[in-house]
Amino acid sequence: MLSFFRRIINSKAGVIVTFIVLGVIAIAFAAGDVSNVTSMGGGIGGAQVAKVGDAKVGNAELRQAVAAEVEAYRREQPTLDVATFIAQGGLDGTLQRIVNGMALEEFGHDQGMVVSRRAVDGQIASIPALRGPNGQFDPTLYQRILADRKMTDQQVRTDIARELIGQQLIAPTQGATQMPQQLALPYASLLLEKRAGQIGFIPLTAVGTGPAPTPAEIQSFYGRNLSRYTLPERRTVRYAVVSPQAVAARVTPTDAEIAAYFRSNQSSYAASEKRTVTQVIVADQAGANALAAKVKGGTALAAAAQAAGLEPSTQEGVDKAAYAATTSAAVADAVFAAPQGAVVGPLRGTLGFVVARVDAVTQVPARTLQQVRADIVDTLTKQKSAAALADLRNKVEDALADNATFDEVVGDQKLQAQALPAVTAQGQAPDAPAFQPSAEQRTMITAAFTAEDGDAPQVVPLGQDGGFAVVAVGQVVPSAPRPLMQVQNAVIADLKADRARAAARKVANDVLARVNKGAALGAALGQTGLSLPAIRPIAAARAQLAAAQQTPAAAPLALLFSMKQGTTKTLQSPGGDGWYVIKLDRIDRGDASNTPDAVRAARADIGRLQGREYVEQFVRAVSRNVGVKIDTGNVAAVRNELVNGSSSNN
């Protein structure tokens with residue numbers, strides 16, 4: 001429904017992308033997963049492409065931003081290069097995002113907005129790529145990545161703070177939309193519109209493929225359709241996997257380590273008492289006194305709480321320390337001193353006055369080393385495994401930083417080198433059709449295709465257990481068409497299929513001409529002399545268009561709802577196995593005035609699009625207020641430098 005209304009009201013597709021603030025460094029870290037992000041600085045010195053208020057956007061900053069976005073998009077499109085990105089409008093979009101972000105930041109500062117250091121710390125710590133083997137933020141890893149990418153902590157913080165200010169400014173604007181019911185009614189009614197007609201089908205199998213093609217026809221068809229038989233670039237991927245199993249032998253806990261862990265955590269294994277406690281928190285003491293008196297008089301705690309408009313909560317099997325953390329030490333002392341069934345309170349807690357009932361008391365006996373040995377072994381094994389993997393990864397990364405080769409790293413660390421067959425960026429191996437990459441291998445293939453030929457090996461994280469792979473690009477096989485001798489059977493099959501498609505299209509056009517002259521669709525199909533499927537009815541409501549997406553019925557239905565009543569049109573089937581002839585007989589207009597749910601849905605959908613328009617206009621107004629100037633000459637210079645540099649590298 002959302003995409004439907006986008007088309008109806010001519011809202012710009014993807015407009016939100018042009019002004020949501022995406023800090024350059026934030027993209028490099030979060031979207032690009034902190035790998036292969038390099039500066040494309042140099043070349044045009046300190047010139048500037050834009051001025052936003054008193055701030056400037058330098059040529060080098062724009063180049064770096066484009067490089068970061070290209071690397072981010074390569075996670076989904078490994079073969080994307082800078083030239084293609086720019087040809088599709090990527091440079092202009094990147095510059096617009098930078099300028100909009102800076103304008104929003106300056107406007108926010110003018111209004112007294114600030115972003116605390118703690119908020120920025122939280123954003124940095126939440127980036128998955130900056131987590132160590134234990135799943136926690138790793139400051140050492142963060143500093144190493146900054147050094148590798150020639151970035152500073154202040155750059156990262158500046159961009160994240162800018163992004164947060166932008167989000168705070170546009171979020172209320174985007175959500176502050178109200179769509180009048182009378183305006184939404186026509187669009188809701190449009191969704192209830194129904195159409196009915198007839199559909200005929202001319203399959204390729206009904207028209208034949210003609211005589212066997214001659215060698216000259218085969219050669220000519222092959223030459224005209226080389227792209228069909230061209231293999232994309234393929235790469236052999238060399239790798240060595242380091243998993244927890246690889247370090248298992250060196251992380252087995254010793255008896256001494258197990259005993260030491262038991263001694264240092266003795267309190268966890270000592271005898272303890274756990275209780276199940278139901279409590280109610282009352283804001284004022286008078287109310288708490290009344291509640292406690294009622295419960296002590298025989299009324300169930302839950303019933304007394306509900307009568308007072310309160311909600312009881314129960315903590316099951318909690319020890320004293322854990323219970324104290326949710327209330328206070330004084331309340332915990334009183335609750336754990338009371339017998340089972342006793343009502344305690346009211347006592348002042350951290351959020352109000354607590355009235356509690358001790359539902360159950362469980363004595364947990366002390367556990368011996370022998371009883372908890374298996375748990376300790378499991379804990380120590382995980383800890384030592386994480387430490388061993390981190391240590392091994394640091395050694396590998398240090399060696400690669402010192403220009404060690406893949407073979408040297410594998411040999412020094414006693415890893416097992418493996419290789420994939422020559423694969424495409426999508427993981428297909430044309431010379432080994434049976435090859436199916438695993439999820440881990442797909443990750444390595446993606447990493448290999450984000451690298452340039454001749455780049456150093458890279459460390460690629462695998463899974464969530466601290467495992468990783470050392471990945472290097474082996475042989476790079478350029479894109480090229482397969483020789484005709486290798487694909488001759490496929491060429492002949494394609495040639496025949498093209499003949500059949502052309503013949504089926506001619507039949508469809510002949511049928512269309514007859515119908516336009518007044519013949520019934522069924523009669524026009526019968527006059528072809530072919531054995532064709534019988535015509536069938538086609539009917540739907542406009543709202544069914546969205547539900548039919550990704551189904552065989554989607555294309556005929558979309559055409560049906562773009563036709564005038566009484567007209568007939570042809571359409572090639574989405575699978576290319578024939579041609580449809582579709583006739584629209586009847587249009588039943590919808591009326592949503594008695595369908596409030598449809599109107600509400602329309603108001604919500606159009607409101608969201610209206611919110612996007614509000615944000616776009618808000619950002620434009622902010623830019624005018626702050627003052628934005630674009631140096632088109634320097635932008636063109638950056639564009640040329642990036643495109644020419646990309647071409648020379650390929």
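All residue numbers refer to positions in the sequence shown, counting from 1. Side chains included, hydrogens not; waters and symmetry mates left out as well; all remaining heavy atoms used.
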Exercise. To the nearest 0.5 Å, what is the distance between CD1 (Ile165) and CD1 (Ile160)?
Worked result: 12.5 Å
Seminar exercise, completed: On a heavy-atom basis, the closest approach of Ser479 and Thr230 is OG-CG2, 3.4 Å
Exercise. Taking atom CG of Leu91 and atom CD of Glu69, what is their separation to the nearest 0.5 Å?
Worked result: 9.5 Å
Seminar exercise, completed: Output for pair (Arg624 CZ, Phe107 CZ), nearest 0.5 Å, gives 12.0 Å
Exercise. Of the non-hydrogen atoms in Val471 and Met444, which two are nearest, and what is the gap between them?
Worked result: CG2-CG, 3.7 Å
Exercise. So, the side chain of Thr236 versus the backbone of Gln475: is there a donor-acceptor pair under 3.5 Å, distance only?
Worked result: yes
Problem set entry | side chain to side chain contact (heavy atoms under 4.5 Å, CB included) between Glu217 and Arg499, worked out | CA-CA 12 Å; Glu217 288 175 324; Arg499 284 179 177 176; 3.1 Å; yes
For this session: Begin from the C-alpha positions of Leu164 and Gln167 and carry the test side chain to side chain contact (heavy atoms under 4.5 Å, CB included) through to its verdict.
Result: CA-CA 5 Å; Leu164 291 175; Gln167 290 175 347; 3.8 Å; yes
Exercise. Hey, does Pro203 have a side-chain heavy atom less than 4.5 Å from the side chain of Leu532?
Worked result: yes
For this session: For salt bridge (charged side-chain N to carboxylate O under 4.0 Å, His left out), just list the numbers for Lys583 and Asp585, CA-CA rounded to whole Å, side-chain angles, deciding distance to a tenth of an Å, and then say yes or no.
Result: CA-CA 6 Å; Lys583 186 173 187 297; Asp585 295 324; 3.0 Å; yes
Exercise. Can you tell me how far CD1 of Ile582 sits from OG1 of Thr567, rounded to the nearest 0.5 angstrom?
Worked result: 10.0 Å
Exercise. Taking the side chain as C-beta and beyond, is there a heavy-atom pair between Gln428 and Phe435 under 4.5 Å?
Worked result: no
Exercise. Should Asp455 and Val473 count as side-chain neighbours, where that means a heavy-atom distance under 4.5 Å?
Worked result: no
For this session: Please test Ile492 against Phe221 for side chain to side chain contact (heavy atoms under 4.5 Å, CB included), starting from the C-alpha separation and ending with a verdict.
Result: CA-CA 9 Å; Ile492 293 173; Phe221 184 86; over 6 Å; no
Exercise. How about Arg505: does its CZ atom have over 12 heavy atoms from other parts shown lying under 6.0 Å from it?
Worked result: no
Exercise. Say you draw a straight line from CZ of Arg234 to CG of Leu420; how long is it, rounded to the nearest 0.5 Å?
Worked result: 14.5 Å
Exercise. Would you say the side-chain atoms of Thr570 pair up with the backbone N or O of Asn509, donor to acceptor, closer than 3.5 Å?
Worked result: no
Seminar exercise, completed: Between Ser593 and Leu185, the two heavy atoms sitting closest are N-CD1, 3.6 Å
Problem set entry | Option passing side chain to side chain contact (heavy atoms under 4.5 Å, CB included) with Arg195 (candidates Ile538, Asp588, Leu560, Leu557) | Leu560
For this session: Apply side chain to side chain donor-acceptor pair (under 3.5 Å) to the pair Gln96 and Asn100, showing each step before the final yes or no.
Result: CA-CA 6 Å; Gln96 194 62 56; Asn100 288 341; 3.1 Å; yes
Exercise. Is there a side-chain contact between Lys569 and Lys564, using heavy atoms and a 4.5 Å cut-off?
Worked result: no
Exercise. Of all heavy-atom pairs between Leu525 and Thr528, which one has the smallest distance, and what is that distance?
Worked result: O-OG1, 2.6 Å
Exercise. With side chains defined as the heavy atoms from C-beta onward, is the minimum distance between Arg63 and Glu641 less than 4.5 Å?
Worked result: yes
Exercise. Given side chains that start at C-beta, do those of Leu192 and Arg542 come closer than 4.5 Å, heavy atoms only?
Worked result: no
Problem set entry | Pairing of Glu163 and Arg97 as salt bridge, 4.0 angstrom limit | no
For this session: Answer yes or no: is there an ion pair linking Asp92 with Arg639, defined by an N-O contact shorter than 4.0 Å?
Result: yes
Problem set entry | Nearest-0.5 Å distance that lies between atom CG in Asp498 and atom CZ in Arg228 | 4.0 Å
Exercise. Val476 and Glu233: which non-hydrogen atoms are nearest, and at how many Å?
Worked result: CG1-CD, 3.8 Å
Exercise. Do the ring planes of Phe201 and Tyr580 sit parallel (below 30°), tilted (30 to 60°) or perpendicular (above 60°)?
Worked result: tilted
For this session: Please tell me if the side chains of Val57 and Met102 come closer than 4.5 Å, counting only heavy atoms from C-beta onward.
Result: yes
Problem set entry | CA sep, side-chain torsions, deciding dist, call: Ser438, Arg442, side chain to side chain donor-acceptor pair (under 3.5 Å) | CA-CA 6 Å; Ser438 64; Arg442 286 189 180 277; over 6 Å; no
Exercise. What are the two closest heavy atoms between Ala469 and Leu462, and how far apart are they?
Worked result: CB-CD1, 3.7 Å
For this session: Run the numbers on Val626 and Val52 for side chain to side chain contact (heavy atoms under 4.5 Å, CB included), then give the verdict.
Result: CA-CA 7 Å; Val626 170; Val52 183; 4.0 Å; yes
Problem set entry | Min side-chain heavy-atom separation Asp494-Tyr229 under 4.5 Å | yes
For this session: Verify the distance criterion only: is there a donor paired with an acceptor across the side chains of Arg514 and Gln527 at less than 3.5 Å?
Result: yes
Problem set entry | Charged N-O contact under 4.0 Å between Asp591 and Arg589 | no
